[in-house]
> 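Got a structure for you, questions after.
Remember, it's a predicted structure, so these values are computed and weren't measured experimentally. FYI, the numbering just counts along the sequence from 1.
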Amino acid sequence: MSGLKAGDFFPPNVTFTYVPPTGDLNVTACGIGIQYDASKEFASKKVVLVAVPGAFTPTCQVSHVTSYLAKLDDLKAKGVDQVIFIASNDHWVMAAWGKANGVKDDSILFMSDAGLEFSKSIGWTQGDRTLRYAIVVDHGKVTYAEVDSVRGSIENTGAEGVLAKL
């Protein structure tokens, strides 16, 4: 498969791993990683799935995740049930990234695309990292899917770009 596009159905058998948030912002409290069945969950929700090259990396931290933190209420007002960030980092690093950004609940989930399994399946990787992309899935159907190919750009995948397409 090469990418996803509006009108496609989200593929079956897609899972990520994550540590469910507990409200504890201590980044050294690891928690237990569990499977998240994205295909099943996305069938009954409106979700923004955001892939970044790496947790704590410059653009991902300074611009990308902060755009979603700032615009979360606007996304919810447009009917978004869940925002999920994925990267090739393991689920403990992703959980720590969420905590470092003050996320105490499931308003934004931080997950691992372990082994880049999903990102590879759609052809959106660069080496051992995901490309920077955003996919909006509305009850199982892709309504938006774009990549930012210019280094440092979040034009298509940041919260403002996604909001403009909702």
Side-chain angles (χ1 to χ4, degrees), residues 3-25 31-55 60-61 63-114 116-119 121-122 124 130-148 154 156-166:
L4 287 173
K5 61 186 181 313
D8 290 345
F9 284 98
F10 192 77
N13 305 314
V14 175
T15 60
F16 304 117
T17 56
Y18 80 115
V19 177
T22 64
D24 181 359
L25 292 179
I32 304 293
I34 63 170
Q35 289 282 321
Y36 180 89
D37 186 337
S39 300
K40 178 182 174 189
E41 294 292 331
F42 292 6
S44 62
K45 296 178 182 171
K46 186 173 188 177
V47 178
V48 178
L49 178 66
V50 184
V52 294
C60 304
Q61 177 57 44
S63 303
H64 217 166
V65 76
T66 55
S67 78
Y68 282 89
L69 291 167
K71 297 291 184 182
L72 190 57
D73 289 340
D74 296 339
L75 290 159
K76 298 285 185 185
K78 293 276 192 167
V80 172
D81 297 304
Q82 193 79 69
V83 175
I84 297 173
F85 271 81
I86 62 169
S88 61
N89 302 96
D90 66 38
H91 53 267
W92 291 294
V93 170
M94 294 302 288
W97 192 34
K99 291 175 181 184
N101 280 284
V103 179
K104 295 180 179 184
D105 54 24
D106 63 356
S107 58
I108 301 177
L109 294 175
F110 295 82
M111 300 188 181
S112 175
D113 184 6
L116 299 171
E117 189 173 326
F118 172 68
S119 296
S121 78
I122 61 171
W124 287 353
T130 67
L131 290 176
R132 185 179 308 284
Y133 62 83
I135 301 170
V136 177
V137 182
D138 192 349
H139 293 83
K141 193 168 189 178
V142 175
T143 60
Y144 179 78
E146 290 292 332
V147 172
D148 272 314
I154 63 164
N156 298 317
T157 63
E160 292 83 4
V162 171
L163 273 166
K165 301 298 182 180
L166 292 176

> Under a 4.5 Å cut-off applied to non-hydrogen side-chain atoms, are L109 and P21 in contact?
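The answer is yes, as the side chains (C-beta and beyond) meet within the 4.5 Å cut-off.
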> Considering non-hydrogen atoms only, spot the tightest contact between H64 and S67 and give its length.
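Residues H64 and S67, closest heavy atoms: O-OG, 2.8 Å.
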> Within the structure provided, determine whether F42 and I84 are in side-chain contact (heavy-atom separation under 4.5 Å).
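They are in side-chain contact.
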> Quick one: pull up NZ in K165 and NZ in K78 and give me the separation to the nearest 0.5 Å.
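Going from the NZ atom of K165 to the NZ atom of K78 covers 12.0 Å.
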> Are any side-chain N or O atoms of Q61 and backbone N or O atoms of N101, one a donor and one an acceptor, separated by less than 3.5 Å?
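Looks like no, no N/O pair under 3.5 Å.
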> For residues P12 and S39, report the shortest heavy-atom separation together with the two atoms involved.
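Shortest heavy-atom contact: C-OG, 3.3 Å.
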> Do the side chains of V162 and V136 get nearer than 4.5 Å, heavy atoms only?
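In short, these two side chains touch, coming nearer than 4.5 Å.
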> With side chains defined as the heavy atoms from C-beta onward, is the minimum distance between I86 and Y18 less than 4.5 Å?
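Heavy-atom side-chain distance check fails, nothing below 4.5 Å.
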> Verify the distance criterion only: is there a donor paired with an acceptor across the side chains of D113 and S119 at less than 3.5 Å?
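Their side chains do contain a donor-acceptor pair, which is all the 3.5 Å distance test asks for.
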> Measure the shortest side-chain to side-chain distance between V103 and Y68 over non-hydrogen atoms and say whether it is less than 4.5 angstrom.
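SC-SC contact between V103 and Y68 ruled out.
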> For a side chain to side chain contact (heavy atoms under 4.5 Å, CB included) check, start with the C-alpha distance between V93 and W97, then their side-chain angles and the critical distance, and finish with the verdict.
CA-CA 6 Å; V93 170; W97 192 34; 5.5 Å; no
> Would you confirm whether D81, through its side chain, and K46, through its main-chain N or O, come within 3.5 Å as a donor-acceptor pair?
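Here the side-chain-to-backbone pair exists.
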> Please give me the minimum heavy-atom distance between S112 and S88, naming the atom from each residue.
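Looks like OG-O, 4.2 Å.
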> Measuring from I135:CD1 to I122:CD1, what's the distance to the nearest 0.5 Å?
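Spacing of CD1 (I135) from CD1 (I122) equals 4.0 Å.
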> Should I34 and P20 count as side-chain neighbours, where that means a heavy-atom distance under 4.5 Å?
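Answer yes - side chains close enough.
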> Can you tell which of V147, I154, V50 makes a side chain to side chain contact (heavy atoms under 4.5 Å, CB included) with R132?
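When side chain to side chain contact (heavy atoms under 4.5 Å, CB included) is applied between R132 and each of V147, I154, V50, only I154 qualifies.
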> Which atoms form the tightest heavy-atom contact between M94 and F85, and what is the distance?
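Shortest heavy-atom contact: CE-O, 3.7 Å.
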> Taking Y144 as the fixed residue, which of V48, N156, L4 is the one that meets the side chain to side chain contact (heavy atoms under 4.5 Å, CB included) rule?
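Per the side chain to side chain contact (heavy atoms under 4.5 Å, CB included) rule, the option paired with Y144 is N156, out of V48, N156, L4.
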> Would one find more than 12 heavy atoms of other residues, nucleotides or ligands at under 6.0 Å from atom NZ of K76?
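Enclosed: over 12 neighbouring heavy atoms sit under 6.0 Å from NZ of K76.
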> Under 3.5 Å, side chain of D148 to main-chain N/O of T157, donor-acceptor pair present?
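At least one qualifying donor-acceptor pair exists.
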> How many angstroms lie between atom CD of E41 and atom CD of Q82, to the nearest 0.5 angstrom?
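Reported to 0.5 Å precision, the distance equals 8.5 Å.
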> Is it true that atom CG of D106 has more than 12 heavy atoms of other residues, nucleotides or ligands lying nearer than 6.0 Å?
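Correct, the count exceeds 12.
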> Can you tell me how far the OG1 atom of T22 sits from the NZ atom of K99, to the nearest 0.5 Å?
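It is 5.5 Å, given to the nearest 0.5 Å.
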> Do you know the tightest heavy-atom contact between G54 and A87?
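In terms of heavy atoms, the two residues are closest at CA-CB, 4.3 Å.
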> Under the rule for side-chain hydrogen bond (donor to acceptor under 3.5 Å, both in side chains), what residues qualify as partners of N89, not counting sequence neighbours?
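Result, side-chain hydrogen bond (donor to acceptor under 3.5 Å, both in side chains) vs N89: none returned.
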> How close do W124 and A145 get, counting heavy atoms only, and between which atoms?
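For W124 versus A145, the nearest heavy atoms are CH2-CB, 3.9 Å.
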> Strictly distance-based, threshold 3.5 Å: is any side-chain N or O of D74 a donor or acceptor partner for the main-chain N or O of K71?
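No; judged by distance alone, with no hydrogens or angles, the pair does not exist.
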> Taking atom CD of E117 as the centre, does the number of heavy atoms from other residues, nucleotides or ligands within less than 6.0 Å exceed 12?
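No, not enclosed.
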> Let me confirm one number: the CG-OG distance from L75 to S107, rounded to the nearest 0.5 Å.
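So the CG of L75 and the OG of S107 are separated by 11.0 Å.
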> Answer yes or no: are there more than 12 heavy-atom neighbours, outside K45 itself, under 6.0 Å from its atom NZ?
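Yes - once you tally the heavy atoms of other residues, nucleotides and ligands closer than 6.0 Å, there are more than 12.
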